[in-house]
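Step one of this worksheet: look at the structure below.
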Number of protein chains: 2
Amino acid sequence: MADHRSVPEPTLRRLPCYIHVLKKVEQLGRQSVSTSDISRELKLDPTQVRKDLSYTGIVGKPRVGYPLKDLIEAIEHFLGWDECTHACLVGVGHLGKALLGYNRFGEYGVRIVAAFDVDEAVVGARISDHIVYHIDALPEIAQRFNIEMGILTTPASAARGASQNMVEAGIKAIWNFAPTALELGADIIVENAQLYATLAVLSRQMRGRVQAQPKPSPLRITPGAEQMGPEP
Amino acid sequence: MADHRSVPEPTLRRLPCYIHVLKKVEQLGRQSVSTSDISRELKLDPTQVRKDLSYTGIVGKPRVGYPLKDLIEAIEHFLGWDECTHACLVGVGHLGKALLGYNRFGEYGVRIVAAFDVDEAVVGARISDHIVYHIDALPEIAQRFNIEMGILTTPASAARGASQNMVEAGIKAIWNFAPTALELGADIIVENAQLYATLAVLSRQMRGRVQAQPKPSPLRITPGAEQMGPEP
DNA sequence: ATCATATCGAGTAATAAATCTCGATTTTTG
DNA sequence: CAAAAATCGAGATTTATTACTCGATATGAT
C-alpha cells in the first residue's frame, strides 16, 4: 500500500474523480463497485484505477470489486478529507465570494472560518455567513481559530503580499487561485488552482485537435471530472 | 515544430504560466527574456521551458533569449488566444456568477456572449452585463451568436442534461466545471476544470508530504505588480 | 460440485515526460 | 581582437507513468 512519499501526482489528481463517481454509485443503492465500473465511467484503464486505489490501502475481492462504503472512506482518509482543516480566504472578489458561497467544502475536509480583504467596501460585511475581516486582523484570527490553510483569491497584483501575510500569520499551506508565482519559504506548501491550464488544453484542441484519434487510441486521459458544482 | 498532434499535455498546462510570467516581465520594460529567467520564476528546468517554447515555433538567440513581445504573441497564437471564441455559460450559481463577473477572458481568447439557467429567479436578470436566458433559448441564441464553446457551471446533478443541451445547440467544446464526467460523442471536446485535483494534492502534502518531487506549480514572481487575476 | 466468467493484484513492457550533455552562437569584457 | 560567459537547441539518458499480461480467486450458473 501506500508509502507517503511515493504517490504519483497524477494518481492524486484522479482520486477526487473516483470519489465523485463512487458517491453517485452509492446513491444508486449499490454495495460494491469494480474498477471496470469506474473505468467505464471515467474512460480510464481499469488497471490504472486499480493501481491508484491500491495506494489507499483498500483491498478488493475478485469477481466482486470493492466494498463501496469502505472504498469511499479509504480514499477520503488517504486524502485527509475525513478530517477538518480550518481555512481562511483572502480576497473577497468575484471568485472569493463564489467560494464562500460554496458550502460543501466540508466534504473535502476544508472549513472556511474567516475571510479577509483590504477593501473597506467588503470589510465588515457578511458574505454567505462568513464575516469579512480586514487583512490586518489575520494574525490574531488565524491563531484564535487555528487556521492551517489559506485560500488565495486576490488579484494577481496583491497575491504576493497576501501570501506573505498568510505566512506571517503561521499558515503553512496555500491554495492559490491567483495566476501568479508565490515566493515563499520551502516549508510552505503551495498548490496552484491553475484555472487556465485546462483552458489552454481546450483551446488547443479546438484548433487542430491535439491528439488525433487515428491510432489504437492510448485511452486519452483527461484526468477526469472533479471539482465543485457551483451550488444549487 | 508545433505539429498539432505531438504537443504534450503537460506542456500545454505550463504555457499559461509562461504567459503570466512574461506579462509581468513585460511591465518591467524589458525587451527579451531567457529561459533561465522563466525557469527561475517558476522553478522549472530551463531546458524544459526551452522545449515547451519550441512548440510554439519561436526561436531564441544564444546569450540573449527570446524577444519578449514575439514570445508572448507566439504562445497566445499557439493556444488560439489571439482569436475570439464566442462562449456561453450554463448554470448561473455562485461560480457561474463569478465567472461572468470576471471580465478578462478576452485575454484568453474567450468572450462570454450569453448565460443560461433554468431558475426563474435568475432568468431575465443581468449579471455583470450578461443577460441570463432560459436554457430553452440556447439553440436559437447559440446559432445567432455563433457560439462555439460552452462553460458548464451547473450543479453536478444538472451537468449531463445541460451538456446535452449544448451539444444539441451545436456547441463543439465544453469547459466543464461540474464534478461529473460527461457522456458525449467523440466529436465533442470536453475539458474538465479540475478544481479538486489541486486540493487533493494540497491535502495530501499537508499530511505526510508527497515525494520530494519538483512540482511544476509553485509560482512566484519577482517585482512589479499588475493585472490579470481573479478580480477583486 | 464443477465450470465459466469477471475481477483482483502483482509483475512486466511500453510510452511519455523530465533531465542531462554538449556543441554552436552571440554578447560582453579585457 | 581574443577570451569568457550566457544561452540556445538538438539529441541522449533517465525517470515517471501508463498499458499490458497473467495467475489466482470469488461468484453464479449448470
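Here is how names work: the chains are called A, B, and so on, in the same order as the sequence lines, proteins then strands, and each is numbered from 1. Because only heavy atoms are used, hydrogens play no part in the values below, and waters and symmetry mates are left out as well, while side chains stay in.
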Legend entry - Contact nearer the 5' end of DNA chain D, comparing B:Gly60 with A:Asp52: B:Gly60

Protein-nucleotide distance ([X], atom [atom1]; [N], atom [atom2]), rounded to Å:
| X | N | atom1 | atom2 | result |
| --- | --- | --- | --- | --- |
| A:Leu68 | C:dT7 | CG | P | 15 Å |
| A:Ile38 | C:dT7 | CD1 | C1' | 12 Å |
| A:Leu44 | C:dT7 | CG | P | 16 Å |
| A:Leu12 | D:dT18 | CG | C1' | 16 Å |
| A:Gln48 | C:dT7 | CD | P | 18 Å |
| A:Leu71 | C:dG9 | CG | P | 11 Å |
| B:Asp45 | D:dT13 | CG | C1' | 13 Å |
| B:Leu53 | D:dG9 | CG | P | 9 Å |

Give a yes or no on whether a salt bridge exists between [X] and [Y], defined as a side-chain N under 4.0 angstrom from a carboxylate O.
| X | Y | value |
| --- | --- | --- |
| A:Arg50 | A:Asp45 | no |
| B:Glu9 | B:Arg14 | no |
| B:Arg160 | A:Glu41 | yes |

Does a side-chain N or O of [X] approach OP1 or OP2 of [N] to a distance below 4.0 Å, or not?
| X | N | answer |
| --- | --- | --- |
| A:Arg14 | D:dT17 | no |
| A:Thr35 | C:dT7 | no |
| A:Tyr66 | C:dG9 | yes |

Legend entry - Interatomic spacing from CD in B:Glu148 to SG in B:Cys84 - rounded to 0.5 Å: 9.0 Å

Inset, instruction - Treat a base pair as Watson-Crick or G-U wobble with both distances under 3.5 Å, then lay out DNA chain C in dot-bracket form, 5' to 3', with | for cross-strand pairs. - result: ||||||||||||||||||||||||||||||

Inset, instruction - Determine whether any donor atom in the side chain of A:Lys51 lies under 3.5 Å from an acceptor atom in the base of D:dT17, or the reverse, and answer yes or no. - result: no

Inset, instruction - Scan A:Leu15, A:Ile75, A:Thr11 and name whichever one has a side chain to side chain contact (heavy atoms under 4.5 Å, CB included) with A:Tyr55. - result: A:Thr11

Legend entry - For A:Leu184 against B:Lys43, the heavy-atom pair lying closest together: O-NZ, 4.4 Å

Find every protein N or O atom lying less than 3.5 Å from an N or O atom of nucleotides 22-27 of chain C, and list the pairs.
from, atom 1, to, atom 2, distance (Å)
C:dT27, O2, B:Arg63, NH1, 3.3

Inset, instruction - Using only heavy-atom distances, determine whether the side chains of B:His86 and B:Asn146 contain a donor-acceptor pair under 3.5 Å. - result: no

Inset, instruction - For the pair B:Trp81 and A:Tyr196, name the ring-plane relationship: parallel under 30°, tilted 30 to 60°, perpendicular over 60°. - result: perpendicular

Inset, instruction - Not counting sequence neighbours, which residues clear side-chain hydrogen bond (donor to acceptor under 3.5 Å, both in side chains) with B:Glu183? List them please. - result: none

